[in-house]
Amino acid sequence: MSWDRPPAQSAGSRTDGDAERSADADVDRTPVADADVCVIGAGPAGGIVADRLADAGLEVVVLEAGPRFDPSDRHARQERAIRPAYDRPAVWDGHPERDAYESSGARHYPLNYTRAKGVGGSTLHWQGMVMRLHEDDFNSASARGVGPDWPIDYEDLRPYYAEAERELGIAGADDNPFAPPREEPHPMPAFPPSYSDSLFAEACEELEIAMHSVPNARNSERYDGRSACVGYGTCEPVCPSGAKYDATVHVERAETKGATVIDRVPVQRLAHGPDAIDAAVYAAPDGEEHRQHADAFVVACGGVETPRLLLLSESSHYPDGLANSSGTVGKFFMEHLFAGTGGILDERTRLNHVGFLTSESHQFYDDADAEYAPFKLEFLNYGGPAALEMAPPAMALEGEDWGDDLLERLRTEYGNQIGVGALVEQLPREDSYIGLDPDRTDDRGNPVPDVHWTIDDRALRTLDRANEIQERVLGELGAEITWQVGPENAGPAFHHMGTTRMSDDPAESVVGPDLRTHDLENCWIASSSVFPTGGATNPTLTIAALALKAADHVLEVL
Amino acid sequence: MELTRRDAVAALGALGVGGTLSGCVAPPGAEPLDVDRIREVLVAAAEVVYPSEVTGTATFVESFLEGRLEDPTHAAGLDEAVADLDEHAAVWFDESFAALSIEDRDRALRGIGAADADENPDGTTAERVRYYVVNDLLLALYASPAGGELVGIENPQGHAGGLDSYQRGPGA
Ligand SMILES: Cc1cc2nc3c(=O)[nH]c(=O)nc-3n(C[C@H](O)[C@H](O)[C@H](O)COP(=O)(O)OP(=O)(O)OC[C@H]3O[C@@H](n4cnc5c(N)ncnc54)[C@H](O)[C@@H]3O)c2cc1C
Ligand code: SF4
C-alpha cells in the first residue's frame, strides 16, 4: 500500500510539489488584525463555533493545519477510495511526516485511519451516524456506579442537540424507544430500511430485539442547498454528491459571514501569560511563523491534537503543558470499541448498494451497570467492517484472476454476506492517554503524539456479550458465521474522546461546564476531548451540541 | 450481456468525467500519445479480462477511453504502460499485443507479471500494467451498472444509482 499523495485530479500520478507551492504563494496567510476570536481547527467543532461567532458579528479567524480541498476533486478521491493502490489516509491527502505519530499502548492505534486533516476535518472521512447520548451517559457514576458524572445533564444539552440536528441536517425518525426524550422531529425523514434489515427484522422479532432507524447526517431529500443522497456508496471515506454532511458546510458559511479561514497553517504553540493566551503561533507553508492575536481562543483540533497542542505549549507558568494544572491533559483517552459478527446466508442479502446504515438497536444500552458497559447493535448494510474492500468493484481489482474466473469468484463471494456490528463504551483510565513522543518529530520539528490506548475489563466483558447477542441473531437467521471481532481483536470506532475532560473540579479536569479552561480565562475547548465518559453513541452530534454551547459561552464573555 | 456506450458513460461517472463525450481523444495540452495503439491494446486486453458473456466490448472500451484520456496525467501513465506491454509482446511473441490470439494475450499479461502484481501507478512495469490496463478495465466494467448486474449489484460503489436498489429484494 502506498502513502503517496497523487493529486486529486488524477488518481494515478504524483503531486508536483513545486506547482503546489507556487499556487500557494498567492494566498495571504498573514494574521488578521483586530481579531476577536481565533478558532484553531476547521472540523465540525471549529466550523460550528466559527459560524456562530461570525454570525454574532465578531471578527473570527480560523487556523487549519491541513489544506482546503477542491470540491471538484471528489470523484478522483472516490476512485482512490475504491482502488487498492491507495491507502485510506491518501484519500484526503494524509501526509506521513505532517501526520506522524507513535502508538505505544498494548493495542496498536491506527491514528491516521481515524482522522483527516484539512478544512472539514474528520467529517470529510466520516460515516455520518448521529445520535444523542442517553440520559444515563451524563450520570455514569450515579446511574451505573462507574466513571465520573458529567457536570451537565441531558436536559442542559437538549436544546443544543435540537439545534445541532438542524445545523448538520439529520434524516431520522422518532421510532427509537430507548432514545432520550425529544419533542421536535428531525429535519428530514429517515432513510427507509434496507432489504437486509428486513431479514434481520424477522430474526429480531423472534428474539424480541427491537430494531429502529438510524439518524443519519446525510440528506434524504434536498436540504440546505445540498443534494439528496444518490447512492454512490462510498460515504466513508468520501461523498462526491455533498449529500453527506461535512464541516466544509459550516466553515464556508462562517466565511460568508465574514470569518477568515487560513489553511495549511498548523498552530505550533499557544503563547500565553499566567492567565490568558496572547497569540496562536502558526507556521505558514513557506516556513515562516506568524502570531495570530485575539481576545478569545477556541481550540478545536480534535481529541488527539488538542491535548498535543496544549502539551507543546508548556512554559514556565505551565511546565506540564498549558491548561494542565490538574495534570489531566491527554489522560483518559477513550474510544468506542467495535465488535462484530458476520457470515454467509444461503440466500442473497443485497448489501453494499449504499455506504451507510439504516437500522440499529439500542435495546441493551440501558442495561449498563458497573459490570457491563452500554452498547448498541448496528445492522450492517455492507458485508463486514471493511465495507469497500468486501464489495465489487474493489473485490475485482485484487486477485490473480480475470475473465470468467473472476466473474465466477465475484458471484460466489459477493451477495450472501450478512453482518451485525456493535459499539461499546470504554471507561476513562489514566493509563489510556495521548502523550508526546520524546524521540520523534513531525515535519515542523514538534514531538509527535503518542497514542497509548488501553481498554478496561468492563469493555472487554461487554464485547463478549455483544458477540453473544450477535451470534444469536445470526443463528436465528441460519447464517454460517465466518468472522468475528471481539475482545481479542476489537478495534476503535475512530472516536477520540476524554483527553481534556470537563468537570466542576479544577483539580481533576481541564475545562468547566462552560467549556472554558480552568487555567486560562480566554481559552475554550470545543471537542469530544471534553467528554468525561463516552457512552456508546457516535460522538459528533454531541460535539456539535457542545460547540454551540461553547459559542454561547464565548459570547457571554466578549 | 451487451455493453453499450451508455454503460461506458455511466462508468466514467464514477470517476467524475462528464457524460458528454466529445469524440475527440487527444488529451488537451499533453505530450502526443499513440492513441490508436492505446485503443487497440485496451480493446484487446478487455477481451481477456472481461467475462465471455459480455459483448460490445470494443464500443464500451473506446467510449470509456475517450473520457479517461481527458486526464493528461492518467493518459501519460496509460501510454507508457501500453508501450511496455506491447514491447513485451514483441519480444516474447514477435507480434504486437493486439495481434495476438486471446490465449497469447492472456499469457503476455501474465508473463509481464500483471496477474500477481498489486496495482500501483508509480510501481514496477507489472504494477503499472495492472493499474492502467487490467484494473482500469475491470474498474470500468464493475463500477458500471451493467457490470454490477453481472454480479448481482446494479448499484455498485462509485455509481450514483439512487436509493431504490438498496431497498429491493432479490426477486424485485
Ligand atoms: C472513518 C471515520 C468514520 C467516522 N464515523 C463517525 C460517525 O458515523 N458518527 C460520528 O459521530 N462520528 C464519526 N467519526 C468521528 C468524527 O469524524 C469526529 O468525531 C469529528 O470529526 C470530530 O470533530 P472535531 O471538529 O472535534 O475534530 P476533527 O474533525 O478531527 O477536526 C480537527 C481539525 O483540526 C485541525 N488541526 C489539528 N491540529 C491543528 C493545529 N495544531 N493547528 C491547526 N489545525 C489543527 C485538523 O487538521 C482538523 O481539520 C468518524 C471518523 C472517522 C475517521
Ligand atoms: S451513499 Fe453516501 S456517498 Fe453516496 S451520495 Fe449517499 S451519502 Fe454520498
Side-chain angles (χ1 to χ4, degrees), chain A residues 1-2 4 6-7 9-14 72-76 78-79 81-85 191-195 198 220 228-234 240-241 347-348 350-355 358 381 388 391-398 400-404 406-408 410-411 414-415, chain B residues 13-17 47-54 71-74 76-78 106 109-110 115-116 118-123 127 130-132 134-144 147-148 150-170 172:
Chain A
M1 286 293 182
S2 129
D4 292 322
Q9 63 273 20
S10 166
S13 50
R14 281 176 183 280
S72 66
D73 289 342
R74 286 202 174 186
H75 277 95
Q78 176 175 257
E79 184 183 347
I82 294 170
R83 295 197 76 145
F191 287 91
S194 65
Y195 172 70
S198 72
S220 60
C229 173
V230 292
Y232 274 114
T234 53
S241 79
E347 59 179 306
R348 290 299 193 198
R350 289 182 54 81
L351 303 187
N352 289 304
H353 290 248
V354 286
T358 40
N381 277 340
L388 282 166
M395 276 167 80
L397 307 187
E398 288 190 292
E400 297 182 9
D401 47 2
W402 49 54
D404 290 340
L406 170 62
L407 179 59
E408 201 180 307
L410 292 177
R411 282 178 172 160
Y414 167 74
Chain B
L15 310 175
V17 180
E47 283 170 14
V48 178
V49 302
Y50 285 0
S52 51
E53 67 188 77
V54 302
D71 174 349
T73 322
H74 190 90
L78 179 57
D106 185 81
L109 281 168
R110 289 184 191 281
D116 311 320
D118 289 334
E119 65 161 30
N120 182 352
D122 305 308
E127 289 166 341
R130 176 80 196 206
Y131 184 91
Y132 285 107
V134 175
N135 275 6
D136 228 39
L137 287 167
L138 293 177
L139 183 69
L141 178 63
Y142 288 109
S144 76
L150 287 173
V151 181
I153 177 167
E154 64 278 15
N155 183 24
Q157 270 82 27
H159 179 64
L163 290 172
D164 290 334
S165 72
Y166 88 87
Q167 301 172 51
R168 278 201 299 268

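Being a predicted model, the structure only gives us computed values, none of them experimental. Reminder, nothing fancy here: chain letters follow the sequence lines and each chain counts from 1.
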Option that, when pairs with chain B are counted at under 4.5 Å, heavy atom only, ranks first among Pro240(A), Ser194(A), Gly355(A), Gly415(A):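 Heavy-atom pairs under 4.5 Å are most numerous for Ser194(A).
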What option among Val354(A), Leu410(A), Asp404(A) has the most heavy-atom pairs under 4.5 Å with chain B?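 Going by pairs under 4.5 Å, I would pick Asp404(A).
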What residue, out of Gly161(B), Pro156(B), Ser52(B), has the most heavy-atom pairs lying under 4.5 Å from chain A?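 Highest number of heavy-atom pairs under 4.5 Å: Ser52(B).
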With chain A as the partner, which of Val54(B), Leu78(B), Leu141(B), Asp136(B) has the greatest number of non-hydrogen pairs under 4.5 Å?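 Going by pairs under 4.5 Å, I would pick Asp136(B).
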Test side-chain contact (heavy atoms from CB on, under 4.5 Å) on Tyr132(B) and His74(B); report intermediate values, then the result. CA-CA 8 Å; Tyr132(B) 285 107; His74(B) 190 90; 3.7 Å; yes
Under 4.5 Å between any side-chain heavy atoms of Trp402(A) and Asp106(B), yes or no?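 When only atoms from C-beta onward are counted, Asp106(B) and Trp402(A) do touch, with a gap below 4.5 Å.
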Contact origin within [X] toward chain B - heavy atom pairs under 4.5 Å:
X         : answer
Ser241(A) : neither
Gln78(A)  : side chain
Pro192(A) : both

Side chain / backbone / both / neither for Asp164(B) at chain A, heavy atoms under 4.5 Å: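 Neither part; nothing is under 4.5 Å.
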Say whether, by atom type as modelled, one donor and one acceptor occur between the side chain of Tyr414(A) and the main chain of Leu351(A) under 3.5 angstrom.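 Pair found, side chain donor or acceptor close to backbone of Leu351(A).
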Over all heavy atoms of both residues, which pair between Glu127(B) and Asp118(B) is shortest? Give the atoms and the distance, please.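 Here Glu127(B) and Asp118(B) meet closest at CG-O, 3.1 Å.
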Atom of Leu163(B), atom of Cys229(A) and distance for their closest heavy-atom approach: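 Nearest pair, atom of Leu163(B) first, then Cys229(A): CD1-O, 3.4 Å.
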Any chance you could lay out the salt bridge (Lys or Arg N to Asp or Glu O under 4.0 Å) test for Glu154(B) and Arg350(A), step after step, and finish with the verdict? CA-CA 10 Å; Glu154(B) 64 278 15; Arg350(A) 289 182 54 81; 2.7 Å; yes
